A.B. asks: 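Just dropping this structure here.
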Amino acid sequence: MSTDYFENLLKKPSLFIDEKTLDINFIPDNLPHREKELTILSQLFLSLITYPNSISRKVLITGKTGIGKTATVKLFGKMLVKASNKREIQIDYVHINCRKERTNYKVLIKIIHSLNKSFPKRGYSPQDLLEVLTEYLNTHDLHLLIVLDELSYLIQNGGDLIYSLTRINDDMLNAKQRISIIGIVRDISCINNLDVSTMSTLQRNILKFENYTKKQIFDIMKYRAGISIKENAYSDEILEMIAKIVFKVGDIRYGLNLLWKASKYAESRNLKYLNSECIRFGNQDLMSFSTQDAIKYLSIQKLIFLLSIIKNLKKSENSEISISEILNLYKILCENLGLNPRSYSQLWNYLNEFEKEDIISLNIKSEAIKGRKAFIEIQDIPLVNFESIINTTLKSKGINL
Ligand SMILES: Nc1ncnc2c1ncn2[C@@H]1O[C@H](COP(=O)(O)OP(=O)(O)OP(=O)(O)O)[C@@H](O)[C@H]1O
Ligand SMILES: [Mg+2]
């Protein structure tokens, strides 16, 4: 190896096709399992294209964090502009994050700058800006879809702007409708702080985004892995492991980060593909230390049993292992230490306890002949670290292996 560090790194084969596509702000061309929401939005906004500037739409989107609200609306905005361009109808789209632009003034300036970059930043009141905006839309015969993302922040500081924007053309008789609005909030109850008429306007069209199921998260991660990581570098089993972790957290961003970290870890180890230990390493940085804390309070018997699980998992290529595969080593370890091995049913209780503490997860699978079989999986802590934590804990209890 030469000492030219950049050259050495550049020579290394990468596992990534394109790292950027794992960035949480990257908007992919497809959003698996949000097709229904995209269809509903298209239906709601269709009249903007069929009857230009005669109708305005106001929609409120709600749903938990990290389930694709922002991504879906951004993709929809692009689609709407594209469809209108094709028909020579002027529709524009601007996405405002109200957590960033926290005042009426900042929101309005941002909207106007999206249309006219050279507009001066200072010297106007919010009321002036509203007039500038209306005039611009009229002279350019333009309809503007304004997305107010994280709307709750604006409700706290500027409910009256939302009122003005939803009402902008209502005062004039036969006026053209130039503005549509999509608001995005996590918790619908925040709109109770708005005045009654704005609230009822927004409540007319509410689109609730449901949480993803584990299977849906798997599909999403599979799609995101497909555009970011080389095909041979991951397996469905690895993606299933990630999907389980992401399902617990609930936020797809976590999965994208985890996939990125695990891949970086694999690269640093010169691995050609992601294995379960890479996922554990990626997850370790992202997870709290609560699991590691729980281990300190386990009895010696439980620690020995846990150690047998870890040692066997380390040897295995699979991400999970059955209880019968552990028993041999467990008995040997007990014998060496002069301990009485616990009964099968007691070990079952241990496993259930470990699962409650989030140390392991248990997967029950049906098998044709033998009935149901339990598989044990460790996702959160790299096994190498886990083993050394247990050894240290055992040492602190006077046990040297
Ligand atoms: N169905 C999906 N397919 C592909 N990627 C997705 C999907 N859903 C979410 N993502 C990705 O997950 C990340 C989080 O999604 P997004 O930012 O849209 O969440 P959100 O619902 O707006 O969350 P928050 O309420 O915290 O703002 C984004 O990087 C997005 O691209
Ligand atoms: Mg968002």
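Remember, predicted model here, so these are calculated numbers, not experimental data. Counting starts at 1 for both ligands and their atoms, in listed order. Both backbone and side-chain heavy atoms feed into the values below; hydrogens, waters and symmetry mates do not.
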A.B. asks: Please check whether N30 reaches ligand 1 - meaning an N/O of the residue sits under 3.5 Å from an N/O of the ligand, judged on distance alone.
C.D. replies: no

A.B. asks: Counting only heavy atoms not in K110, do more than 12 fall under 6.0 Å of its NZ?
C.D. replies: no

A.B. asks: Between E210 and K64, is there a salt bridge with N-O shorter than 4.0 Å?
C.D. replies: no

A.B. asks: Please say whether D23 places an N or O atom under 3.5 Å from an N or O atom belonging to ligand 1.
C.D. replies: no

A.B. asks: Counting each atom of ligand 1 from 1 as listed, which ones have a heavy atom of Y212 under 4.0 Å away?
C.D. replies: 1 (N), 2 (C), 7 (C), 8 (N), 9 (C)

A.B. asks: Give me the ring orientation class for H95 and Y93: parallel if the planes are under 30° apart, tilted from 30 to 60°, perpendicular past 60°.
C.D. replies: perpendicular

A.B. asks: Check each heavy atom of F26 against ligand 1 and say whether those closer than 4.0 Å belong to the side chain, the backbone, both or neither.
C.D. replies: backbone

A.B. asks: Kindly check if the number of other-residue, nucleotide or ligand heavy atoms within 6.0 Å of CG (N340) is above 12?
C.D. replies: no

A.B. asks: Nearest to atom 22 (O) of ligand 1, what protein heavy atom do you find, and at what distance?
C.D. replies: T70 OG1, 2.8 Å

A.B. asks: Which residue holds the protein heavy atom closest to atom 26 (O) of ligand 1, what is that atom called, and what is the gap in Å?
C.D. replies: T65 OG1, 2.3 Å

A.B. asks: Y254 and N283: side-chain donor and acceptor closer than 3.5 Å?
C.D. replies: yes

A.B. asks: Mark up the atoms of ligand 1 that fall under 4.0 Å of a heavy atom belonging to L256, in ascending order.
C.D. replies: 29 (O)

A.B. asks: Indicate yes or no: at least one non-hydrogen side-chain atom of E19 is less than 4.5 angstrom from one of K264.
C.D. replies: yes

A.B. asks: Taking the ring centre of each residue, are F119 and Y124 less than 6.0 Å apart?
C.D. replies: yes

A.B. asks: Under 2.8 Å from the Mg ion (ligand 2), which protein N, O or S atoms do you find? Ignore water molecules.
C.D. replies: T70 OG1

A.B. asks: If you measure from each non-hydrogen atom of I220 to ligand 1, which part falls under 4.0 Å: side chain, backbone, both or neither?
C.D. replies: side chain

A.B. asks: Is there a nitrogen or oxygen of G66 sitting under 3.5 Å from a nitrogen or oxygen of ligand 1?
C.D. replies: yes

A.B. asks: Walk me through it: do F16 and T21 pass the test side chain to side chain contact (heavy atoms under 4.5 Å, CB included)?
C.D. replies: CA-CA 10 Å; F16 293 99; T21 59; over 6 Å; no

A.B. asks: Return the option from P32, P28, G68 holding the heavy atom at the smallest distance from atom 1 (N) of ligand 1.
C.D. replies: P32

A.B. asks: Using distance alone, with no hydrogens and no angle criterion, decide if N363 and E377 have a side-chain donor and acceptor under 3.5 Å apart.
C.D. replies: yes

A.B. asks: After noting the C-alpha distance and the side-chain angles of R99 and S152, does the key distance pass the side chain to side chain contact (heavy atoms under 4.5 Å, CB included) rule?
C.D. replies: CA-CA 8 Å; R99 179 143 60 159; S152 56; over 6 Å; no

A.B. asks: May I ask whether F209 has any heavy atom positioned less than 4.0 angstrom from an atom of ligand 1?
C.D. replies: no

A.B. asks: Please list, in number order, the atoms of ligand 1 under 4.0 Å from a heavy atom of A71.
C.D. replies: 18 (O), 30 (C), 31 (O)

A.B. asks: Specify side chain, backbone, both or neither for D149, according to which of its non-hydrogen atoms lie closer than 4.0 Å to ligand 1.
C.D. replies: neither

A.B. asks: Kindly confirm or rule out an N or O of K69 lying under 3.5 angstrom from an N or O of ligand 1.
C.D. replies: yes

A.B. asks: Please determine whether a side-chain nitrogen of the Lys or Arg among R186 and E150 lies less than 4.0 Å from a carboxylate oxygen of the Asp or Glu.
C.D. replies: yes

A.B. asks: Could you check whether atom CD of E353 has more than 12 heavy atoms from other residues, nucleotides or ligands sitting under 6.0 Å from it?
C.D. replies: yes

A.B. asks: Which protein non-hydrogen atom lies closest to atom 29 (O) of ligand 1, naming both residue and atom, and how far is it?
C.D. replies: I24 O, 2.7 Å

A.B. asks: Which is it for D358 and K248 under the side chain to side chain contact (heavy atoms under 4.5 Å, CB included) test, yes or no, and what are the steps along the way?
C.D. replies: CA-CA 10 Å; D358 262 344; K248 273 201 242 166; 3.8 Å; yes

A.B. asks: If we count only N and O atoms by modelled type, under 3.5 Å, do the side chains of E325 and S322 hold a donor and an acceptor together?
C.D. replies: yes

A.B. asks: Return the option from Q216, R253, R224 holding the heavy atom at the smallest distance from atom 30 (C) of ligand 1.
C.D. replies: R224

A.B. asks: I'd like to check whether I67 has a polar contact with ligand 1, where a contact means an N/O of the residue lying under 3.5 Å from an N/O of the ligand.
C.D. replies: yes

A.B. asks: Just need the protein heavy atom nearest to atom 10 (N) of ligand 1, so name the residue and atom and give the distance.
C.D. replies: I252 CG2, 3.7 Å

A.B. asks: With nothing but distance in play, are any N or O atoms of R186 less than 3.5 Å from an N or O of ligand 1?
C.D. replies: yes

A.B. asks: Ignoring hydrogens, what is the shortest heavy-atom contact between R122 and Y105? Give both atom names and the distance.
C.D. replies: CA-OH, 3.6 Å

A.B. asks: Which is it for H33 and ligand 1 at heavy atoms under 4.0 Å: side chain, backbone, both or neither?
C.D. replies: neither

A.B. asks: What do you reckon, is NZ of K302 surrounded by more than 12 foreign heavy atoms closer than 6.0 Å?
C.D. replies: yes

